Amino acid sequence: MTILAGGRGVGGAYDGPVTEASRNPASEPSGASLSAPAAKRVLLARPRGYCAGVDRAVITVEEALKLYGAPVYVRKQIVHNKHVVATLEAKGAIFVEENAEVPAGATVVFSAHGVAPEVHEQARQRRLRAIDATCPLVTKVHHEARRFAADDYDILLIGHEGHEEVIGTAGEAPAHIQLVDGPDDVDKVNVRDPEKVVWLSQTTLSVDETMETVARLKERLPLLQSPPSDDICYATQNRQQAVKEIAADCDVMIVVGSRNSSNSVRLVEVALDAGSRASHLVDYAHEIEDAWLDGATSVGLTSGASVPEDLVSEVLDHLAARGFTDVTEVTSATEKLTFALPQELRRDMKAAAGG
């Protein structure tokens with residue numbers, strides 16, 4: 001049976017039997033759990049893997065290679081997954097750190113994490129054909145930052161220092177934005193007017209930790225305003241919720257994802273907070289240590305929002321070879337959202353097709 005996840009993240013197929021289950025904790029009595037474990041079982045979280053923004057970004061690079069030919073340059077990692085980057089490199093993508101490394105007049109794709117306005121200006125100065133693959137949900141946060149800055153608000157950006165998304169958002173209004181890197185950073189905050197301050201956030205954070213940071217901020221700044229809509233993306237929240245619903249039933253949680261992927265790292269933390277006895281992050285199945293499985297009868301499995309499904313299938317095969325053959329896919333939400341490709345690319349594709 002092929003396991004399907006939303007988007008084009010489906011690559012490989014796990015051939016073993018899969019039992020499907022759905023779970024609504026609100027309808028369960030307190031303390032209820034999934035059915036009693038078999039000898040060795042896998043609880044497979046759904047949603048997992050590719051989100052709409054990642055799907056769009058990866059397709060953008062693939063279509064740019066088809067349309068313009070190799071090489072196509074990509075500023076930073078298109079998404080934070082080493083397997084995806086290596087796969088696109090094999091197709092002709094060249095990953096660089098800055099626009100200065102791109103030959104004048106060449107094609108450059110900006111990553112899903114977003115860039116500051118100065119990066120767009122650099123591309124114009126170098127006459128680069130720039131394609132912006134920023135996730136639309138990140139773009140929404142950029143719009144919010146510009147709007148509140150135009151109204152002369154102090155903006156408290158909750159996020160991780162040095163993350164590409166944070167750098168891009170802060171670049172929209174550097175004179176107005178202060179970074180708040182978790183609850184422990186709250187005491188460092190200084191604002192000009194406590195009646196004109198708003199918080200925004202990186203889209204891939206832990207929901208619970210973000211709310212803890214907001215609560216701490218509101219203790220200091222009771223008039224702190226919230227963004228007009230939730231900044232943490234739907235996919236991040238859904239994947240965290242899916243992990244929460246199975247974690248307490250797991251001896252160990254395996255999260256497939258790269259270490260520079262914020263949302264993948266958060267899934268490891270969420271699993272531990274929600275009751276999993278252990279939790280590990282791996283890029284590939286061969287990184288799983290047999291010692292992690294010693295004495296385990298129930299393994300949870302999920303993947304970050306930039307992880308293709310073939311990597312999950314390889315983990316399932318790896319676990320099956322070690323006796324974990326009873327796989328139950330637990331669905332907590334259904335995702336149907338898709339995003340159109342960047343307008344620059346769609347325009348050129350239409351022109352190439354004679355449209």
Side-chain angles (χ1 to χ4, degrees), residues 8-9 50-139 141-143 145-146 161-174 203-204 258-262 283 305-308 339-355:
R8 286 173 64 260
Y50 270 16
C51 63
V54 165
D55 202 37
R56 173 182 186 263
V58 174
I59 295 173
T60 293
V61 178
E62 292 173 340
E63 293 297 329
L65 285 164
K66 293 177 187 176
L67 183 62
Y68 308 120
V72 165
Y73 293 83
V74 183
R75 185 184 179 276
K76 308 292 186 182
Q77 291 189 358
I78 185 68
V79 297
H80 285 160
N81 184 266
K82 63 194 298 186
H83 177 77
V84 170
V85 169
T87 300
L88 292 174
E89 283 179 329
K91 294 180 179 180
I94 297 177
F95 290 85
V96 300
E97 286 299 304
E98 299 297 343
N99 286 338
E101 301 171 59
V102 182
T107 299
V108 62
V109 178
F110 298 146
S111 80
H113 307 104
V115 297
E118 65 183 30
V119 176
H120 289 279
E121 180 57 31
Q122 292 166 0
R124 283 190 287 270
Q125 291 176 1
R126 293 183 58 78
R127 302 187 310 281
L128 303 180
R129 178 194 285 120
I131 300 172
D132 190 356
T134 300
C135 173
L137 300 181
V138 175
T139 300
V141 181
H142 285 208
H143 289 326
R146 291 197 298 270
E161 186 172 6
H163 191 279
E164 290 161 38
E165 183 185 329
V166 167
I167 294 171
T169 301
E172 295 287 352
T203 64
T204 55
S258 294
R259 279 161 176 73
N260 64 336
S261 166
S262 178
D283 271 294
S306 52
V307 177
F339 294 130
L341 294 176
Q343 60 180 356
E344 309 96 335
L345 181 60
R346 285 185 283 122
R347 179 196 61 217
D348 289 354
M349 291 173 68
K350 182 178 180 181

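All figures in this text were calculated on a predicted structure; none of them were measured in a lab. Heads up: numbering here begins at 1 and tracks the sequence.
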Peer 1: Roughly how far, to the nearest 0.5 Å, is the OG1 atom of T107 from the CG atom of L65?
Peer 2: 9.5 Å
Peer 1: Using every non-hydrogen atom in the two residues, find where E172 and V115 come nearest and quote the distance to one decimal.
Peer 2: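 Between these two residues, the closest heavy atoms are OE2-O, 4.2 Å.
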Peer 1: Has S258 got a side-chain atom pairing as donor or acceptor with N260's backbone, closer than 3.5 angstrom?
Peer 2: no
Peer 1: Taking only residues two or more places apart in sequence, or in another chain, which ones meet H120 in a side chain to side chain donor-acceptor pair (under 3.5 Å)?
Peer 2: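 Per chain and number, H120 pairs via side chain to side chain donor-acceptor pair (under 3.5 Å) with no residue.
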Peer 1: Check A173 against A145 and note the closest heavy-atom contact, atom names and distance.
Peer 2: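 So the two residues come closest at CB-O, 4.2 Å.
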Peer 1: With R124, which residues qualify under side chain to side chain donor-acceptor pair (under 3.5 Å), at least two apart?
Peer 2: E121
Peer 1: Would you compute the distance between atom CG of L88 and atom CG of N81 and round it to the nearest 0.5 angstrom?
Peer 2: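 If I round to the nearest 0.5 Å, the distance is 10.0 Å.
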Peer 1: Which heavy atom of L128 sits nearest a heavy atom of G105, and at what distance?
Peer 2: CD2-N, 3.8 Å
Peer 1: Mind checking the CG-CZ spacing from D55 to F339? Nearest 0.5 Å is all I need.
Peer 2: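 It is 10.5 Å, given to the nearest 0.5 Å.
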Peer 1: Identify the heavy atoms of P117 and G171 that sit nearest to each other, and give their distance.
Peer 2: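 Shortest heavy-atom separation between P117 and G171 comes out as CD-O, 3.4 Å.
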Peer 1: Suppose we screen for side chain to side chain donor-acceptor pair (under 3.5 Å). Which residues come up paired with E165, at least two apart in sequence or across chains?
Peer 2: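 E165 satisfies side chain to side chain donor-acceptor pair (under 3.5 Å) with T203 only.
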Peer 1: How far apart are the closest heavy atoms of V138 and A112, and which atoms are they?
Peer 2: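 For V138 and A112, the tightest heavy-atom pair comes out as CG2-O, 4.0 Å.
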Peer 1: As a quick check of understanding, evaluate side-chain contact (heavy atoms from CB on, under 4.5 Å) for F110 and N99, giving each step before the final call.
Peer 2: CA-CA 10 Å; F110 298 146; N99 286 338; 3.6 Å; yes
Peer 1: If you round to the nearest 0.5 Å, how far is CD of E164 from CD1 of I167?
Peer 2: 7.0 Å
Peer 1: Crowded around E161 CD? As in, over 12 foreign heavy atoms under 6.0 Å?
Peer 2: no
Peer 1: Name all residues meeting the ring pair (Phe, Tyr, Trp, His ring centres under 6.0 Å) criterion together with H142; count only those two or more places apart in sequence or in a different chain, and write none if there are none.
Peer 2: none
Peer 1: For side-chain contact (heavy atoms from CB on, under 4.5 Å), just list the numbers for V79 and Y50, CA-CA rounded to whole Å, side-chain angles, deciding distance to a tenth of an Å, and then say yes or no.
Peer 2: CA-CA 10 Å; V79 297; Y50 270 16; 5.9 Å; no
Peer 1: Taking S306 for the side chain and H80 for the main chain, is one N or O donor matched with an acceptor at less than 3.5 Å?
Peer 2: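 Here the side-chain-to-backbone pair exists.
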Peer 1: Restricting to side chain to side chain donor-acceptor pair (under 3.5 Å), what partner residues turn up for K91, sequence neighbours left out?
Peer 2: E62
Peer 1: Can a salt bridge be assigned to the pair R75 and E98 using a cut-off of 4.0 Å between side-chain N and carboxylate O?
Peer 2: yes
Peer 1: Could you tell me the separation between the CD atom of Q77 and the OG atom of S111, rounded to the nearest 0.5 Å?
Peer 2: 9.0 Å
Peer 1: When rounded to the nearest 0.5 angstrom, what is the spacing between OG1 in T134 and CZ in R56?
Peer 2: 7.5 Å
Peer 1: Provide the closest heavy-atom pair for Y73 versus E101 in the form atom of the first, atom of the second, distance.
Peer 2: CE2-O, 4.4 Å
Peer 1: Between M349 and K66, is a side-chain contact (heavy atoms from CB on, under 4.5 Å) present by the stated rule, with each step listed?
Peer 2: CA-CA 10 Å; M349 291 173 68; K66 293 177 187 176; over 6 Å; no
Peer 1: List the atom pairs, with distances to 0.1 Å, where a side-chain N or O of residues 340-348 and a protein N or O form a donor-acceptor pair under 3.5 Å, not counting sequence neighbours.
Peer 2:
unit_1: R346; atom_1: NE; unit_2: L341; atom_2: O; d: 2.6
unit_1: R346; atom_1: NH2; unit_2: L341; atom_2: O; d: 3.4
unit_1: D348; atom_1: OD2; unit_2: Y68; atom_2: OH; d: 2.6

